[in-house]
Q: 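Structure below; questions to follow.
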Amino acid sequence: MTKRAIRIAIVGVGNCASSLLQGIEFYRANQKSSTFEALGLMHLDIAGYKPWDIEVGAAFDIDRRKVGKSLKEAVFAKPNCTRVIFPNLNDSVVTVSMGEVLDGVSDHMKDFPEDRAFVVTDQKPCNVEKVLRDSGVDILLNYLPVGSDRATRFYAGACLNTGVSLVNCMPSFIASDPEWAKRFEAKGIPIVGDDVKSQLGATIVHRTLTKLFEDRGVRLDRTYQINTGGNTDFLNMLNRSRLRSKRISKTEAIQSQLEIPLDAENIHIGPSDYVPWQNDNKVCFLRMEGTGFAGVPLNLELRLSVEDSPNSGGVTIDAIRCCQIARERKIGGPLASISAYAMKHPPVQYPDTVAKAMVDEFIAGRRER
Ligand SMILES: NC(=O)c1ccc[n+]([C@@H]2O[C@H](COP(=O)([O-])OP(=O)(O)OC[C@H]3O[C@@H](n4cnc5c(N)ncnc54)[C@H](O)[C@@H]3O)[C@@H](O)[C@H]2O)c1
């Protein structure tokens with residue numbers, strides 16, 4: 001039986017949304033090529049769903065260069081700056097609706113050139129719940145800027161009122177907050193979160209190396225992870241007051257791999273600076289100092305350079321498809337396996353190899369969530 005497409009709504013048509021939608025079209029266009037081997041994907045098929053079985057039914061933003069525009073136009077509009085993977089998107093019937101601004105836009109954005117920052121439109125907000133209902137979407141993807149706690153709770157509430165699932169790609173805690181988790185469970189709505197863990201980004205590399213130290217009997221004594229980038233995500237995070245949950249999310253992702261967590265002063269992890277000319281290129285500088293056999297010290301230095309937004313695309317494609325099969329199986333509340341695999345701050349942390357096995361069991365129907 002052919003399955004119907006998974007219909008999603010997007011909140012925040014920024015760089016991540018742009019890469020996700022271009023990526024889906026990239027795979028749709030290349031699926032019949034003889035050299036196609038699921039290049040760059042973690043799963044080509046999830047319970048019958050391919051990446052190109054995802055379609056957008058609604059989109060919300062607040063920027064005057066995106067609101068009221070077709071989705072095809074909005075994903076390439078400034079200040080988006082990610083690498084163009086697939087320029088020829090199909091004409092979309094979806095027009096970007098005006099969302100609720102709330103705490104989505106930091107004041108310091110006004111001090112930067114318009115091409116680099118968010119510019120709020122003067123259009124009136126739409127009725128978000130009505131748009132969700134009318135568009136018949138299954139899942140809402142939250143791509144709001146870091147620090148948008150009130151806005152995230154607003155869209156999560158809209159999900160609860162309309163029966164739409166949430167895949168929370170940013171670090172305002174919903175799936176990993178017991179109160180919110182209970183509300184989704186009580187309504188029988190599956191949710192995945194929080195804060196997407198990129199395919200091969202700073203977090204997964206740092207976690208894997210931390211686990212390696214632990215497994216090889218090397219005591220990790222101190223570590224830092226310093227990140228720079230030039231997209232609006234990094235510009236937004238220059239406002240340190242918005243960073244609290246991002247720091248918690250990124251730090252716990254590493255501490256959870258240690259039997260005895262490091263003292264706070266021995267671990268420093270965070271988005272560290274905004275370098276405009278880097279655009280969507282993110283560079284991570286990592287240092288780990290440890291003690292090995294017979295108390296002899298060692299240290300490791302690593303520099304990782306990635307295009308930030310496509311790095312989250314394939315992970316999100318898996319989160320969406322797992323969420324959809326949970327909907328079909330009538331499972332409500334946080335999905336432990338895909339959240340642990342795909343998110344930095346899941347309800348429960350597992351080592352990444354364990355989380356991957358859990359996801360495969362879940363997909364095969366041998367694990368409830
Ligand atoms: N690899 C990654 O890029 C990655 C990994 C983990 C988490 N994240 C998180 O995902 C989120 C999205 O990242 P991005 O790079 O696409 O950010 P972005 O800055 O490119 O996009 C954010 C979008 O949200 C819109 N927006 C702001 N306030 C809004 C509101 N109230 N309602 C609707 N739209 C609003 C902005 O206009 C913009 O289009 C960020 O929180 C980021 O930290 C990204």
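Please read all numbers here as calculations on a predicted model, not as lab measurements. Counting starts at 1 for both ligands and their atoms, in listed order.
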Q: Please work out which of Val67, Val119, Val101, Leu144 has its closest non-hydrogen atom nearest to atom 11 (C) of ligand 1.
A: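 Considering heavy atoms of Val67, Val119, Val101, Leu144, the nearest to atom 11 (C) of ligand 1 sits in Leu144.
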Q: Salt bridge check, Glu214 against Lys211: does any charged N sit closer than 4.0 Å to a carboxylate O?
A: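 Between Glu214 and Lys211 there is no salt bridge, as every charged N stays at least 4.0 Å from the carboxylate O atoms.
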Q: Here's a test for you: under side chain to side chain donor-acceptor pair (under 3.5 Å), which of Asn231, Thr232, Asn311, Asn80 qualifies with Asp280?
A: Asn231
Q: What atoms in ligand 1 come closer than 4.0 Å to a heavy atom of Asp233?
A: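 Numbered from 1, ligand 1 contributes 15 (O), 19 (O), 40 (C), 42 (C), 43 (O).
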Q: At what distance is the nearest protein heavy atom to atom 16 (O) of ligand 1, and which residue and atom is it?
A: Cys16 N, 2.8 Å
Q: From atom 34 (N) of ligand 1, work out which of Asp308, Asp61, Asp280 has a heavy atom at the shortest distance.
A: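 That would be Asp61.
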Q: Are Glu129 and Asn161 linked by a side-chain donor-acceptor pair shorter than 3.5 Å?
A: yes
Q: Leu102 near ligand 1, heavy-atom distance under 4.0 Å?
A: no
Q: If you measure from each heavy atom of Ser148 to ligand 1, is any distance below 4.0 Å?
A: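 Flag not set, Ser148 not near ligand 1.
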Q: Taking all non-hydrogen atoms of both residues into account, name the closest pair between Phe362 and Ser337 and its distance.
A: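 Scanning both residues, the minimum pair turns out to be CB-OG, 3.5 Å.
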Q: In this structure, does ligand 1 have an atom that sits under 4.0 Å from one of the heavy atoms of Lys282?
A: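 Contact absent.
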Q: Evaluating non-hydrogen atoms only, which member of Ser172, Pro145, Ala74 is closest to atom 27 (C) of ligand 1?
A: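 Checking each option, the heavy atom nearest atom 27 (C) of ligand 1 is found in Pro145.
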Q: Is Ser312 close enough to touch ligand 1? Criterion: a residue heavy atom under 4.0 Å from a ligand atom.
A: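 Ser312: in contact with ligand 1 (<4.0 Å).
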Q: Indicate the ring-plane relationship of His345 and Phe173, choosing parallel, tilted or perpendicular according to the 30° and 60° boundaries.
A: parallel
Q: Going by atom types alone, do Gln225 and Lys250 pair a side-chain donor with an acceptor below 3.5 Å?
A: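 Yes, because at least one side-chain N or O of Gln225 sits under 3.5 Å from a partner of the opposite role on Lys250.
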Q: Check if Lys246 has a non-hydrogen atom at a distance under 4.0 Å from any atom of ligand 1.
A: yes
Q: What protein heavy atom is closest to atom 23 (C) of ligand 1, reported as residue, atom name and distance in Å?
A: Gly12 CA, 3.7 Å
Q: Looking at ligand 1, is there an atom of it that comes within less than 4.0 Å of some heavy atom belonging to Asp195?
A: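 Contact check Asp195 vs ligand 1: positive.
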Q: With only distance considered, is Tyr155 within less than 3.5 Å of ligand 1 through an N or O on each side?
A: yes
Q: Nearest protein heavy-atom contact for atom 10 (O) of ligand 1: which residue, which atom, what distance?
A: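 Nearest neighbour among protein heavy atoms for atom 10 (O) of ligand 1, to 0.1 Å: Cys169 O, 3.7 Å.
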Q: Would you please say whether a donor-acceptor pair under 3.5 Å links the side chains of Ser106 and Asn236?
A: no
Q: With a 4.0 Å cut-off on heavy atoms, is Met237 in contact with ligand 1?
A: no
Q: Would you say Phe118 has any N or O atom under 3.5 Å from an N or O of ligand 1, going by distance alone?
A: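 No, there is no polar N/O contact under 3.5 Å.
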Q: Polar-atom distance check: Asn80 versus ligand 1, any N or O pair below 3.5 Å?
A: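 For ligand 1, there is no N or O atom that lies under 3.5 Å from one belonging to Asn80.
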Q: Determine, using heavy atoms of Phe154 and all atoms of ligand 1, whether some pair is separated by less than 4.0 Å.
A: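 No.
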Q: Would you say Arg329 and Gln324 are linked by a side-chain donor-acceptor pair, where the criterion is simply a distance under 3.5 Å?
A: no
Q: Is the shortest N/O to N/O distance between Asp63 and ligand 1 below 3.5 Å?
A: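 No - when backbone and side-chain N and O of Asp63 are compared with those of ligand 1, no distance drops under 3.5 Å.
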Q: Mind checking whether Val13 contacts ligand 1 via backbone (N, CA, C, O), side chain (CB onward), both or neither, at a 4.0 Å heavy-atom cut-off?
A: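 Contact part for Val13 vs ligand 1: backbone (N, CA, C, O).
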Q: Is there at least one pair of N or O atoms, one from Asn231 and one from ligand 1, spaced under 3.5 Å apart?
A: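 No, there is no polar N/O contact under 3.5 Å.
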Q: Between Arg116 and Asn279, do the side chains contain an N or O donor and an N or O acceptor separated by less than 3.5 Å?
A: yes
Q: Regarding Ser272 and Asn227, is there a side-chain donor-to-acceptor distance under 3.5 Å anywhere?
A: no
Q: Between Arg64 and Glu114, does any side-chain N to carboxylate O distance fall below 4.0 Å?
A: yes
Q: Could you say whether the N/O atoms of Asn311 and ligand 1 ever approach to under 3.5 Å?
A: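 Looking only at distances, the answer is no, because the N/O contact criterion of under 3.5 Å is not met.
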Q: Would you check if there is a donor-acceptor pair between the side chains of Thr223 and Arg287 at a distance under 3.5 Å?
A: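 No, Thr223 and Arg287 have no side-chain donor paired with an acceptor closer than 3.5 Å.
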Q: Looking only at side chains, do Ser148 and Asp103 share a donor and an acceptor under 3.5 Å apart?
A: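 Distance-only check fails for Ser148 and Asp103.
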Q: Could you check whether the rings of Phe112 and His108 sit parallel, tilted or perpendicular, using 30° and 60° as the cut-offs?
A: perpendicular
Q: Using a strict 4.0 Å cut-off to heavy atoms of Gly104, name the atoms of ligand 1 that fall inside it.
A: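 With Gly104 as reference, the close atoms of ligand 1 come out as 27 (C), 28 (N).
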Q: So which heavy atom on Met358 is nearest to which on Tyr350, and how close?
A: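 Residues Met358 and Tyr350, closest heavy atoms: CE-CE1, 3.5 Å.
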Q: Which of the atoms in ligand 1, numbered in the order shown and given with their element, are less than 4.0 Å from a heavy-atom of Lys344?
A: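 Listed by number with element, the hits are 6 (C).
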Q: For Met170, take its heavy atoms, then give the atoms of ligand 1 lying under 4.0 Å from any of them.
A: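 The atoms of ligand 1 under 4.0 Å from a heavy atom of Met170 are 41 (O).
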